[in-house]
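Have a look at the structure below, then the notes.
Note that the numbering runs from 1 along the sequence shown for the chain. Hydrogens, waters and symmetry mates are skipped; everything else that's a heavy atom, side chains included, is used.
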Amino acid sequence: MTSFGIIVFPGSNCDRDIATVTAGLLDQPTRFIWHQETDLQGVDVVVLPGGFSYGDYLRCGAIARFSPIMAAIIDHAKAGKRVLGICNGFQVLTEVGLLPGALIRNRDLHFICDRVTVRVESNHTVWTQGYQSQQVITLPIAHGEGRYFADEDTLKALEDNGQILFRYSNAQGELTAASNPNGSLHHIAGITNGQGNVLGMMPHPERAADRLLKATDGLAMFIG
């Protein structure tokens with residue numbers, strides 16, 4: 001059994017979507033953790049869900065980084081335990097420094113809600129062991145600030161260390177301009193920290209995990 005702790009900020013709106021997968025579909029222990037709590041005891045995987053934490057005031061994730069629960073999440077990550085940030089959760093992880101770079105306004109400066117194809121760069125991680133390397137999967141996206149940006153040294157380190165886990169691609173796995181929905185540098189859709197236990201990604205695997213929706217490409221993210 002894997003115990004999931006789903007962090008709930010004011011403005012989170014994908015927390016129950018994740019619980020539908022972890023508790024509803026997979027029957028795993030799951031609890032919601034209010035952002036003012038400070039205890040992650042008994043939690044194996046921390047999930048920071050999508051949404052608009054604190055209304056995205058100032059900058060996406062900029063206020064959430066100061067929530068009391070974040071100190072426990074940082075300790076959880078430093079202990080080598082798993083942390084998953086999806087969409088707004090990815091933004092929070094960059095703001096708090098658990099992942100490098102930043103998520104900025106989409107290339108065309110408008111909100112995108114669509115399904116996209118994403119290439120799995122490696123299956124040698126705890127997050128992607130249920131996939132094949134270079135497998136192309138389809139996941140939903142819904143964001144206005146999802147364009148991954150970092151300086152050249154950071155991008156080189158991500159490439160050299162194999163920290164880029166997901167890239168936007170076409171259905172054949174090719175990295176084309178047309179297949180990059182938000183202008184992310186190096187087509188980045190998801191990255192890990194150096195240890196590989198912290199993952200941030202803009203696509204929503206929890207929205208593609210139910211056979212009733214005829215979309216299950218994201219389910220393997222929550223298994224293992």
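Follow the hydrophobic side-chain contacts under 4.5 Å out from Ile74 and you reach Ile7 in the same cluster. A chain of hydrophobic side-chain contacts below 4.5 Å, direct or via other Ile, Leu, Val, Met, Phe, Trp or Tyr residues, connects Val126 to Ile164. Under a hydrophobic clustering in which Ile, Leu, Val, Met, Phe, Trp and Tyr are joined whenever their side-chain heavy atoms come within less than 4.5 Å, directly or via other members, Met202 and Phe111 fall into different clusters. Linking Ile, Leu, Val, Met, Phe, Trp and Tyr residues whenever their side-chain heavy atoms come within less than 4.5 Å places Val46 and Trp34 in a single cluster. No continuous path of ILVMFWY side-chain contacts below 4.5 Å connects Val136 to Val118, so the two sit in separate hydrophobic clusters.
Residue pairs meeting the salt bridge (charged side-chain N to carboxylate O under 4.0 Å, His left out) criterion with at least one partner in residues 110-131, sequence neighbours excluded, are Arg119-Glu121, Glu121-Arg167. Listed by first and then second residue, the side-chain hydrogen bond (donor to acceptor under 3.5 Å, both in side chains) pairs that reach into residues 205-220 are His204-Glu206, sequence neighbours excluded. Screening residues 118-138 for ring pair (Phe, Tyr, Trp, His ring centres under 6.0 Å), with sequence neighbours left out, gives no hits. Contacts classified as ring pair (Phe, Tyr, Trp, His ring centres under 6.0 Å) and involving residues 43-82 (residues at least two apart or in different chains) are given here: His35-Tyr54.
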For residues 78-86, tabulate all N or O donor-acceptor pairs below 3.5 Å that involve a side-chain atom, not counting sequence neighbours.
residue	atom	partner	partner atom	Å
Arg82	NH2	Gly224	O	3.3

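In this structure Leu58 satisfies the side chain to side chain contact (heavy atoms under 4.5 Å, CB included) test together with Ala62, Ile63, sequence neighbours excluded. Partners of His187 by ring-ring contact (aromatic ring centres under 6.0 Å, His included), not counting sequence neighbours: none found. For Arg105, the salt bridge (charged side-chain N to carboxylate O under 4.0 Å, His left out) partners at least two apart in sequence or on another chain are Glu145. In terms of the side chain to side chain contact (heavy atoms under 4.5 Å, CB included) criterion, residue partners of Asn170 (sequence neighbours excluded) are, by chain and number, Gln172, Glu174, Thr176, Ser179. Applying the side chain to side chain donor-acceptor pair (under 3.5 Å) rule to Thr20 yields no partners; only residues at least two apart in sequence or on another chain are considered. Partners of Ser12 according to the side chain to side chain contact (heavy atoms under 4.5 Å, CB included) rule, which considers only residues two or more places apart in sequence or in another chain, are Val8, Phe9, Asp15, Pro49. Residues passing the side chain to side chain contact (heavy atoms under 4.5 Å, CB included) test with Phe149 are Ile104, Leu185, sequence neighbours excluded.
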Next on the checklist: Please evaluate residues Thr128 and Asn123 with respect to the criterion side-chain hydrogen bond (donor to acceptor under 3.5 Å, both in side chains), reporting the C-alpha separation (whole Å), side-chain torsions for both, the decisive distance (0.1 Å), and the verdict.
Outcome noted: CA-CA 5 Å; Thr128 55; Asn123 65 348; over 6 Å; no
Checklist entry - Can you check side-chain contact (heavy atoms from CB on, under 4.5 Å) on Leu199 and Ile191, steps first, answer last? => result CA-CA 6 Å; Leu199 167 63; Ile191 62 170; 5.9 Å; no
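The main-chain N or O of Tyr148 is found under 3.5 Å from a side-chain atom of Ser184 such that the two form a donor-acceptor pair. Between the Asp151 side chain and the Asp153 main chain, a donor and an acceptor come within less than 3.5 Å of each other. Looking at Thr117, its side chain does come within 3.5 Å of a backbone N or O of Ser169 through a donor-acceptor pair. The closest donor-acceptor contact from the side chain of Gln28 to the backbone of Leu26 lies under 3.5 Å. At distances below 3.5 Å, not a single donor-acceptor pair connects side-chain atoms of Asn106 with backbone N or O atoms of Leu109. Looking at Thr154, its side chain never comes within 3.5 Å of a backbone N or O of Pro100 through a donor-acceptor pair. In this structure a side-chain-to-backbone donor-acceptor pair under 3.5 Å is missing from Thr125 to Gly196.
Considering only heavy atoms from C-beta on, Leu175 stays 4.5 Å or farther from Asn180 through its side chain. You'll find the side chain of Pro181 reaches within 4.5 Å of the side chain of Tyr168, heavy atoms only. Taking the side chain as every heavy atom from C-beta outward, Phe4 and Asp44 never approach each other to under 4.5 Å. Looking at heavy atoms from C-beta onward, Asp17 lies out of side-chain contact with Val21 at the 4.5 angstrom threshold. With contacts defined as side-chain heavy-atom distances shorter than 4.5 Å, the pair Ile73/Leu98 qualifies. No side-chain heavy atom of Asn197 sits under 4.5 Å from any side-chain heavy atom of Thr192. You'll find the side chain of Asn88 stays beyond 4.5 Å of the side chain of Leu48, heavy atoms only.
If you take CG on Asp108 and CG on Asn182, they are separated by 9.5 Å, rounding to the nearest 0.5 Å. Rounding to the nearest 0.5 angstrom, the gap separating the CG atom in Leu103 from the CD atom in Gln91 is 5.0 Å. In this structure, CD on Glu95 lies 8.5 Å from SG on Cys60, to the nearest 0.5 angstrom. With rounding to the nearest 0.5 Å, the separation of CD1 in Ile141 from CD1 in Ile112 is 5.0 Å. Taken to the nearest 0.5 Å, the CZ atom of Arg16 stands 9.0 Å off from the CD1 atom of Ile6.
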